[in-house]
Amino acid sequence: MKVRAIFIGDVRFDQCPVFELNNETNYFEMIMDKETRYEKAVVEEDEEFLIFEIENDSATMKSE
């Protein structure tokens, strides 16, 4: 299972970066640019991030 997040404000643009949780570092890393990353706790506490669990090509938004 993968855990991914998007920042709500980014949907205004033509492309929306997706962040994936790296369990080894405990950071959400931007898939297209691993240098852009946020600590797991920061993403989980920020209401402007939507977090999804991805399994078998199915996405489920995590509820609080």
Side-chain angles (χ1 to χ4, degrees):
M1 176 181 61
K2 297 176 185 177
V3 178
R4 292 186 172 171
I6 60 171
F7 184 72
I8 293 171
D10 287 338
V11 299
R12 297 173 291 151
F13 304 106
D14 291 341
Q15 295 183 356
C16 183
V18 177
F19 296 83
E20 186 169 298
L21 179 61
N22 180 329
N23 289 311
E24 293 178 15
T25 63
N26 229 19
Y27 276 83
F28 276 90
E29 300 172 340
M30 186 186 298
I31 292 175
M32 300 301 291
D33 177 11
K34 302 272 189 227
E35 291 184 26
T36 304
R37 62 189 191 150
Y38 298 99
E39 289 184 27
K40 179 182 176 188
V42 170
V43 172
E44 290 177 336
E45 294 171 8
D46 189 335
E47 294 179 4
E48 295 297 309
F49 274 98
L50 300 177
I51 302 173
F52 299 87
E53 293 178 344
I54 312 297
E55 190 164 9
N56 299 326
D57 287 334
S58 178
T60 305
M61 190 163 68
K62 289 179 72 173
S63 58
E64 296 183 30

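F49 has its ring centre no less than 6.0 Å from the ring centre of F28.
Under a hydrophobic clustering in which Ile, Leu, Val, Met, Phe, Trp and Tyr are joined whenever their side-chain heavy atoms come within less than 4.5 Å, directly or via other members, M61 and I8 fall into the same cluster. One hydrophobic cluster, built from ILVMFWY side chains closer than 4.5 Å, holds both I31 and I6. Cluster membership check: V18 does not share its hydrophobic cluster with V3, using side-chain heavy-atom separations under 4.5 Å among Ile, Leu, Val, Met, Phe, Trp and Tyr.
Note that CE of M32 and CZ of F19 are 12.5 Å apart. Values are rounded to the nearest 0.5 Å. Interatomic distance, D10 CG to M30 CE, rounded to the nearest 0.5 Å: 7.5 Å. If you take CD on E35 and CD on E29, they are separated by 10.5 Å, rounding to the nearest 0.5 Å. The line from OH of Y27 to OG1 of T36 is 13.0 Å long, rounded to the nearest 0.5 Å. Atom CG in L21 sits 6.5 Å away from atom CG in N26 (nearest 0.5 Å).
Listed for the D46 side chain is a donor-acceptor partner under 3.5 Å among the backbone atoms of E48.
When all heavy atoms of P17 and Q15 are compared, the closest pair comes out as CD-O, 3.8 Å.
Paired with E20 under the rule side chain to side chain donor-acceptor pair (under 3.5 Å), one option of K2, R4, R37 passes, and it is R4.
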